[in-house]
Peer 1: 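Structure below; questions to follow.
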Amino acid sequence: MDIVIRRALAEDLAGAGTVTVEAFVAGGHTAPGSAYAARLRDARPRSEEAELLVAVDPADGRVLGSVTFAPGGTPWADVAGPHEGEIRMLAVAPSARGRGVGAALVTAAVDRSRALGLAGMAFSTMADMSAAHRLYERLGFRRSPDRDWSPRPGLGPLMVYSLTF
């Protein structure tokens with residue numbers, strides 16, 4: 001499958017939001033009408049306040065997946081230090097799973113971290129996101145249990161993965 005990875009354009013935002021909600025709802029990570037689903041659907045803040053990367057089908061421009069990239073110390077980074085990049089909200093359309101979209105998006109974020117001169121990456125994931133964990137480990141990320149955390153009571157702990165360049 002041919003895909004293009006690039007920074008989201010204005011015309012990609014609705015598709016990125018839809019794909020993110022679909023992936024998180026299908027995975028059982030949020031309810032369709034929840035406040036978090038509404039946050040996932042609104043891709044504009046991620047595009048304006050961080051870097052929203054999208055995977056698009058070059059034949060029709062359809063968004064197949066997205067990920068938010070943020071350098072540490074910026075508003076969208078939760079666990080990355082100032083010398084690290086972080087990804088958030090990695091999502092692949094159910095119809096595009098198994099085609100390398102997720103790996104391409106994470107690799108693009110790694111490349112972005114390197115281009116910024118960062119020393120590595122760190123990010124959070126939920127314990128039940130086992131398919132994502134396999135992807136991260138295949139790409140060289142390792143668990144950093146000493147950095148696990150809970151964003152609020154009743155949620156978490158979130159698992160942290162990291163990679164040093």
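Just so you know, residue 1 is the first one in the sequence shown, and it goes up from there.
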Peer 1: R6 versus D12: any side-chain heavy-atom pair under 4.5 Å?
Peer 2: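 SC-SC contact between R6 and D12 confirmed.
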Peer 1: Could you state the interatomic distance from CG (D128) to NE2 (H133), rounded to the nearest 0.5 Å?
Peer 2: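 Between atom CG of D128 and atom NE2 of H133 there are 7.5 Å.
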Peer 1: Are L53 and L90 linked, directly or through intermediate hydrophobic residues, by side-chain heavy-atom contacts shorter than 4.5 Å (ILVMFWY only)?
Peer 2: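 Looking at the clustering, L53 is in the same group as L90.
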Peer 1: Classify the angle between the aromatic ring planes of F141 and Y136 as parallel (below 30°), tilted (30 to 60°) or perpendicular (above 60°).
Peer 2: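 Taking Y136 first and then F141, their aromatic rings stand perpendicular (interplane angle over 60°).
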Peer 1: Quick one: CZ on R46 to CE on M89, what's the gap to the nearest 0.5 Å?
Peer 2: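 One finds 5.0 Å between CZ of R46 and CE of M89.
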Peer 1: Give the C-alpha distance, both sets of side-chain angles, the deciding distance and a yes or no for side chain to side chain contact (heavy atoms under 4.5 Å, CB included) between L52 and R7.
Peer 2: CA-CA 6 Å; L52 181 62; R7 193 149 181 188; 5.9 Å; no
Peer 1: Testing the basics here: between V21 and A37, what is the closest heavy-atom pair and its distance to 0.1 Å?
Peer 2: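 Looks like CG2-O, 3.3 Å.
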Peer 1: What is the minimum heavy-atom distance between A109 and F69, and which atoms define it?
Peer 2: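 Closest pair (atom of A109, atom of F69, distance): O-CE1, 3.7 Å.
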Peer 1: Any idea which heavy atoms bring P157 and S150 closest together, and the distance?
Peer 2: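 That would be CA-OG, 3.4 Å.
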Peer 1: Which pair of non-hydrogen atoms, one from A91 and one from A23, has the smallest distance, and what is that distance?
Peer 2: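 Taking A91 first and A23 second, the nearest heavy atoms are CB-CB, 3.8 Å.
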Peer 1: Using a 3.5 Å distance criterion without hydrogens, assess whether the side chain of R142 forms a donor-acceptor pair with backbone atoms of E137.
Peer 2: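 Side chain of R142 to backbone of E137, a donor-acceptor pair under 3.5 Å: yes, one is there.
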Peer 1: State yes or no: do V92 and Y161 share one hydrophobic cluster built from I, L, V, M, F, W and Y residues joined by side-chain heavy-atom distances below 4.5 Å, directly or via other members?
Peer 2: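 Yes, same cluster.
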Peer 1: What are the two closest non-hydrogen atoms of L105 and S66, and how far apart are they?
Peer 2: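 L105 and S66 have their closest heavy atoms at CD1-N, 3.4 Å.
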Peer 1: If hydrophobic clusters are built from ILVMFWY residues whose side chains come within less than 4.5 Å, do M159 and L135 share one?
Peer 2: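 Per the 4.5 Å side-chain linkage, M159 and L135 are co-clustered.
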Peer 1: As an exercise, state the distance from CG of L158 to CE of M129, rounded to the nearest 0.5 Å.
Peer 2: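 It is 9.0 Å, given to the nearest 0.5 Å.
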Peer 1: With a 4.5 Å cut-off on side-chain heavy-atom distances among I, L, V, M, F, W and Y, is there a chain of contacts connecting L64 to L13?
Peer 2: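 Result: no, two separate clusters.
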Peer 1: Applying a strict under-4.5 Å side-chain criterion to I, L, V, M, F, W and Y, I'd like to know whether V25 and Y36 cluster together.
Peer 2: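 Yes, it is one cluster - the side chains of V25 and Y36 are joined through contacts under 4.5 Å.
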Peer 1: Spell out, as yes or no, whether a donor-acceptor pair under 3.5 Å connects the side chain of R143 to the backbone of V160.
Peer 2: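 At least one qualifying donor-acceptor pair exists.
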Peer 1: With rounding to the nearest 0.5 angstrom, report the CZ to OG1 distance, R39 to T30.
Peer 2: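 One gets 11.5 Å once the value is rounded to the nearest 0.5 Å.
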Peer 1: With distance as the sole test, does R88 use its side chain to make a donor-acceptor pair with the main-chain N or O of W76 at under 3.5 Å?
Peer 2: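 Yes; at least one donor-acceptor contact below 3.5 Å.
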Peer 1: So does A103 get a backbone contact from the side chain of T107, meaning a donor-acceptor N/O pair under 3.5 Å?
Peer 2: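 Confirmed, T107 side chain pairs with A103 backbone.
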Peer 1: Nearest 0.5 Å please: distance from the CG atom of L139 over to the CE atom of M121.
Peer 2: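 Taking CG in L139 and CE in M121, the distance rounds to 10.0 Å.
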Peer 1: Report the C-alpha distance between V67 and V106 in whole Å, list the side-chain angles of each, state the deciding distance to 0.1 Å, and finish with yes or no for side chain to side chain contact (heavy atoms under 4.5 Å, CB included).
Peer 2: CA-CA 8 Å; V67 69; V106 174; 5.7 Å; no
Peer 1: Please check: side-chain N/O of E86 versus main-chain N/O of D78, any donor-acceptor pairing under 3.5 Å?
Peer 2: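 Flag set: sc E86 to bb D78 pair under 3.5 Å.
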Peer 1: What heavy-atom pair brings V19 and A93 nearest, and what distance separates the two atoms?
Peer 2: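 Looks like CG1-N, 3.5 Å.
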Peer 1: In the structure I gave you, are the side-chain heavy atoms of R62 and V56 within less than 4.5 Å of one another anywhere?
Peer 2: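 Not touching, per the 4.5 Å side-chain cut-off.
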Peer 1: Just how far is it from atom OG of S144 to atom CG of L163, taken to the nearest 0.5 Å?
Peer 2: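 Answer for the OG-CG pair, S144 versus L163, is 9.5 Å.
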